[in-house]
Amino acid sequence: MKIIAPDFDLEKTLNCGQVFHWQKIGNAFAGTIDQLPISVEQHGAILKIHAATRELDGLKPSSSKRSGNVEAGRRDALERVVARYFALDYPLSKICAAFPHDPVMTAARDFCRGLRIIRQPRWECLATFITSSMKQVAHIRQISLTLRKRYGESKPILGHEIFAFPSAERIATLTEPELRTCALGYRAKNLLATARLVATGDADLEAWSKLPDGELRARLCELPGVGAKVANCVMLFAYERLRAFPIDVWIERTLRQHYFPRKRKVTAQGLREFCDRYFGEHGGYAQQYLFHHARRGRRAG
DNA sequence: CTCCAGGGATGAT
DNA sequence: ATCATCCATGGA
């Protein structure tokens, strides 16, 4: 099926470092939206979507009455799932127009046109970013793939086998030595401990969605392996908190270089306060644009 | 080979 | 409150 996706760049959205499991197959990207395996191919403002029919029947039925047309119901459900995941309902042009008007931000905005912050499943996003500490994007992708292949559910799409991210309950059944064989290193202990908290319900990721930003960040930071940076990533990518501003080594380098040139003695706390004040309501979006531009903006390839 | 990566926890100033 | 160190692993 096809859906219209204005102000959207699929490749930038999936390769900007916010999500780590989508695989390029020909001109399409294959992956899962939570448990649903799909492939997506972009042609201008049109997205061509493929999904297995039997998987669609597990989706919630449409609220609009379609007079018992099963096929139409499936298409409607699939369109809603895809549009929600890629956040096609967000007014991207307005968000970008509200960015600060400085040369650095303008260059990033031009480079990242069509990049959207997507709505990721909470546990999947949290678990992935726990494994991200001091890792390059390429290796985070490799860890995600290994976890999915070993402990996730297999889902065929377009003749390829892809895998859903394993549940917290599944991870919680493992031992630390088992997890370490997925090349997680010291992060295995944190992932396992957090999986157990989520599996038992002591950490209720869904209920936390009702908390204000400060309390949500505090709850996330109580989890093993989650500090301010990972918490802000999860808030931005899985809780729709567009103000959350993750500061990693790339962003810190960019900020110091372009916004505080020739100035020593800018503390981490000082940077934090500057980001909150200067980038404001959609700071997370601005951050992601700066991040992607800094990483991929002027590379050789 | 060396350097570094979407950091966090802990302990010492 | 800020700084130093350690933690595993692999890409560049």
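Reckoned from all heavy atoms, side chains included, excluding hydrogens, waters and symmetry mates.
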Just jot down the side chain to side chain donor-acceptor pair (under 3.5 Å) partners of A:W22, sequence neighbours excluded, or say none. A:Y85

Mind checking A:R141 for me? I need base, sugar-phosphate or nothing, with any heavy atom below 4.0 Å counting as a touch. nothing

For the pair A:W208 (side chain) and A:A203 (backbone), establish whether a donor and an acceptor sit closer than 3.5 Å, ignoring hydrogens and angles. no

Set of residues satisfying salt bridge (Lys or Arg N to Asp or Glu O under 4.0 Å) with respect to A:R253, sequence neighbours excluded: none

Taking the side chain from A:Q42 and the backbone from A:G44, do they hold a donor-acceptor pair closer than 3.5 Å? yes

Side-chain (A:Q257) to main-chain (A:T254) donor-acceptor, under 3.5 angstrom: no

Any base atoms under 4.0 Å from A:G227, or only sugar-phosphate, or nothing? Heavy atoms, all strands. sugar-phosphate

Would you give me the side-chain donor-acceptor pairs under 3.5 Å for residues 89-97 of chain A, sequence neighbours excluded?
| unit_1 | atom_1 | unit_2 | atom_2 | d |
| --- | --- | --- | --- | --- |
| A:D89 | OD1 | A:R119 | NH1 | 3.0 |
| A:D89 | OD1 | A:R119 | NH2 | 3.4 |
| A:D89 | OD2 | A:R119 | NH2 | 2.8 |
| A:Y90 | OH | A:E240 | OE1 | 2.8 |

Flag, side chain of A:H101 to backbone of A:F99, donor-acceptor distance under 3.5 Å: yes

Length of the NZ-C1' vector between A:K229 and B:dA5, whole Å: 11 Å

If I take atom CG in residue A:L126 and atom C1' in nucleotide B:dG8, what distance separates them, rounded to the nearest angstrom? 14 Å

For A:Q136 and C:dG10, give me the distance from atom CD to atom C1', rounded to whole Å. 7 Å

Using whole Å, report how far CD1 of A:I130 lies from P of B:dG8. 10 Å

Does anything in residues 242-249 of chain A come within less than 4.0 Å of DNA chain B? Heavy atoms only, and list the residues if so. A:P246, A:D248, A:V249

I'd like to know if the side chain of A:S39 reaches the main chain of A:F29, judged simply by a donor and an acceptor atom lying under 3.5 Å from each other, with no hydrogens or angles considered. no

Shorter than 3.5 Å, N or O on both sides, protein versus nucleotides 2-6 of chain C: list them out with atom names.
none

Salt bridge (Lys or Arg N to Asp or Glu O under 4.0 Å) against A:R241, all qualifying residues, sequence neighbours excluded: A:D213

Would a distance-only check, ignoring hydrogens and angles, find a side-chain to backbone donor-acceptor pair under 3.5 Å from A:D76 to A:A72? no

From NE2 of A:H139 over to C1' of B:dG7, roughly how many Å is that when rounded to an integer? 16 Å

Contacts of type side chain to side chain donor-acceptor pair (under 3.5 Å), residue A:E206, not counting sequence neighbours: A:R122

Residue whose nearest DNA chain C nucleotide is more 5′ - A:S133 or A:Q142: A:S133

For a quick check of understanding: with a heavy-atom distance under 4.0 Å over all strands, which category does A:L223 fall into, base, sugar-phosphate or nothing? sugar-phosphate

So does A:R170 get a backbone contact from the side chain of A:S167, meaning a donor-acceptor N/O pair under 3.5 Å? yes

Under the rule of Watson-Crick or G-U wobble with both distances under 3.5 Å, where | means paired to another strand and [ ] a crossing pair, DNA chain C maps to |||||||.||||

Can you list, in residue-number order, the parts of residues 179-192 of chain A that come under 4.0 Å of DNA chain B, counting heavy atoms only? A:Y186

Tell me the salt bridge (Lys or Arg N to Asp or Glu O under 4.0 Å) pairs involving residues 140-165 of chain A, sequence neighbours left out? A:E55-A:K155, A:E124-A:R148, A:E153-A:K155

Length of the line joining A:R296:CZ and B:dA5:P, which is rounded to integer Å: 16 Å

Atom-pair distance (CD on A:E176; C1' on C:dC7), nearest Å: 12 Å

Test of understanding: with salt bridge (Lys or Arg N to Asp or Glu O under 4.0 Å), list the residues that count as partners of A:E176, not counting sequence neighbours. A:R180

May I ask you to say what A:E252 touches in the nucleic acid, namely base, sugar-phosphate or nothing, with a heavy-atom cut-off under 4.0 Å? nothing

So A:F260 and A:F274, ring pair (Phe, Tyr, Trp, His ring centres under 6.0 Å) or not? Walk me through it. CA-CA 10 Å; A:F260 299 94; A:F274 167 77; 5.0 Å; yes

Whole angstrom value for the distance that separates C1' of B:dA5 from CZ of A:F291: 10 Å

Measure from the side-chain N and O atoms of A:S144 to the backbone N and O of A:I140, and report whether any donor-acceptor pair falls under 3.5 Å. no

Run the salt-bridge test on A:R277 and A:E273 with the 4.0 Å N-O cut-off and return the result as yes or no. no

Pairs under 3.5 Å (N/O, protein and nucleotides 10-13 of chain B):
none

